[in-house]
Amino acid sequence: MPSRVPVLSAAAFLLPTLFFLGAGSATPPSASIFGYHDFAAEEAHTDQTFLAVPDAKLAGEELKTLTAEPHIAASPEDYKTAQYVASKFKEAGLETSIVPYKAWLNMPKSVKVEAWDAAGNVLMTGPTPEHVDGKDPFQNDPRVTPAFNGSSPSGDLTAPAVYANYCRPEDFQKLKEMNIDVRGDIVVCRYGGNFRGVKVYIAQQHQAAGVIIYSDPADDGYYRGDMYPHGPYRPATAVQRGSVQYMFKYPGDALTPGIASRPDLPASQRIPLDQVTSLPTIPSEPLSYHDAAPILENLGGPDAPREWQGALPFTYHIGPGTKVHMDLKMNYEYSTIWDVIGTIDGTEFPNEWVVAGNHRDAWVYGAVDPNSGTAAMLEAVHGIGALLKTGWKPKRRIVFCSWDAEEEGLIGSTEWAEDHAAQLSHAVAYFNTDVGVSGPNFDASAVPSLKEFIRNVTKEVPSPKGGTVYDEWKKSQADAAARHRLGVQEHASQEAAVVGNDVRVGDLGSGSDFTPFIQHLGVPSTDIGSGGPYGVYHSVFDNYAWFVMNADPTFVYEQEMARVFGLEVLHMADADVLPYDYVTYGKAISAYLDAAQKKAEADGVTGIDFSQAKAAAEKFTQLAEKVRKTQERAASGSPQQLADLNSQLRDVEEGFLSAPGLPNRPWFKHTIYAPGEYTGYAAVVIPGVNEAIDAKDVSQAQSQMSVLTQAIGHASSTLEAIAK
Ligand SMILES: [Zn+2]
């Protein structure tokens, strides 16, 4: 994960704090907020009523209920959590339904990994059950699924092990330089640096026979700090489960790219398995460092490079020396999953949807990932329910979503988004949270048009530390160490282009449910969370006991997240004029083009003409400046004028979509943002161009440059129509 050095101006401006909830005196709002004709008269009171409702204690109770049992997608316990969330939605007054889809999912029937040294002595037989001494009350539940990789095929193979560091392209390149051939081997990768599915993807391309992915204590364990139950970090036997689906090809049900896998979908509309490109063809298995250590310790051959050394107490070698037997028996079947959808009709713009979601399924208990987000969402819904009881109604349609099977490949959100693609072309925003709370440090990612929006929301929400969430966010960005966390969190926000001197909001990569909205359908999106040392990701120890010990003992950050999440929804649902900031968008695209050009020059990739795309981005920014003035003036327009303007404003983002999609992955339609094919979680900006430069493919880069220039032109022509 890239380190994100904060760029904060010493003269960074401070906007007036609107409210000091819980601090005694609520200051009447004076600041105007972009998007409202008269914020103080129209929205401030609504916000205040809402902000008073989300309750820390209730959030804690909801979290406890949601995480009482392991609830992996498609299990009976998962269905119970769907019913619970549905009951909470209904209680708040939302029109609620449980929406099933049928997806191709694997569950492990049996998982076995053994290793021998060169002389045939047994080194380990595993996987060892996840266990810590004493204290953890959740670890021994028989319903805990053995650690496995979602989307791994079955396989029974014995092969020499070879160590390949993080299994990034440059790591395999290094092995090649060392004359190490991994064909037919079991590649041992450590977590970090990229998405685990990318590790398997690259290993498969190098014709490895299988993959073991383990958590090295250097990145995720005692080297970082005290291990659970003495601290927040990963204990020796804790395994990071996870999907290895090739989500960078397409997420969702592997058999229905672009189509909703409704339960009644005819089999003829599901693609045959041999046409599926999102499933690995080689088996993989995650291991703890307790189990990976003997495999690594007995590897001979050359020393691994210095920077490949982890924190286990021996020198890491590349191999050969250890022989590994993997026997994975997976049960694949069409499984029913359940999204919970709760809606509130809009009064003025009923066709404009404001969608907010969080997944509910967990690899095991999922206290942080994802149910800290679910508890925050339920308290946001609680607050909006209280507003409804006062007679308030939103101008736009609000849709709250509790997604299922996110962990297996963003399945619940993707299938629902594909199901409602036509209506979602009018959706004005998708707000995501996933790892809602793992500590006190607020962070956010967003499309550039919503970066100002999310900052404004956080200026209205009090922080448990005093001041506002915005103030604390700014402070935590000044402390780079606090933010350069584990390098193991897939949901952490990504590196942003440096545009302006304000609090930095990350760019959207992938790894959570915003992907189908922004990257497939062009719905402007944000992703928020509150982070801290989180060393139990995707293990049995991500449970209620760990949470109250380490993340948020009094649930005040749950309350904070509920307020931020709910306020995002309220502001977008009630704004007179959609508060998109296209000036920042234009500047971001210019910055991405400059960076790509520099990279091409540095890599000796010549002959790409950047001038037209750069001119298009500049024109976009100039038009956006005019549109900004129109947005500010128009807030007092007639309802029809506002409706027309808003629908045009919404169309701008859609201009960035290209119908054929990215090369070799047509499901991804957005020309500015996609998950990287070789990074997976990290956002690749202007992906068509940048990935062609990485591949040193000049003609591809040039043709993708034309696609990009055209897309910016489409978006600009909408801005031009507004500016007239
Ligand atoms: Zn998650």
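In listed order, ligands and their atoms are each counted from 1.
Taking backbone and side chain together, Asp434 holds an N, O or S atom under 2.8 Å from the Zn ion (ligand 1). Distance check for Glu407 against the Zn ion (ligand 1): none of its N/O/S atoms falls below 2.8 Å.
Between Trp403 and Tyr101, the gap from one ring centroid to the other reaches at least 6.0 Å. Ring to ring, Phe248 and Tyr246 are close: their centroids are under 6.0 angstrom apart.
Between Arg143 and Asp141, at least one side-chain N (NZ, or NE/NH1/NH2) sits under 4.0 Å from a carboxylate O, which counts as a salt bridge.
The nearest N/O/S atom of Asp369 to the Zn ion (ligand 1) is OD1.
Between Gln240 and Ser215, the shortest heavy-atom distance links the atoms CB-OG, 4.0 Å.
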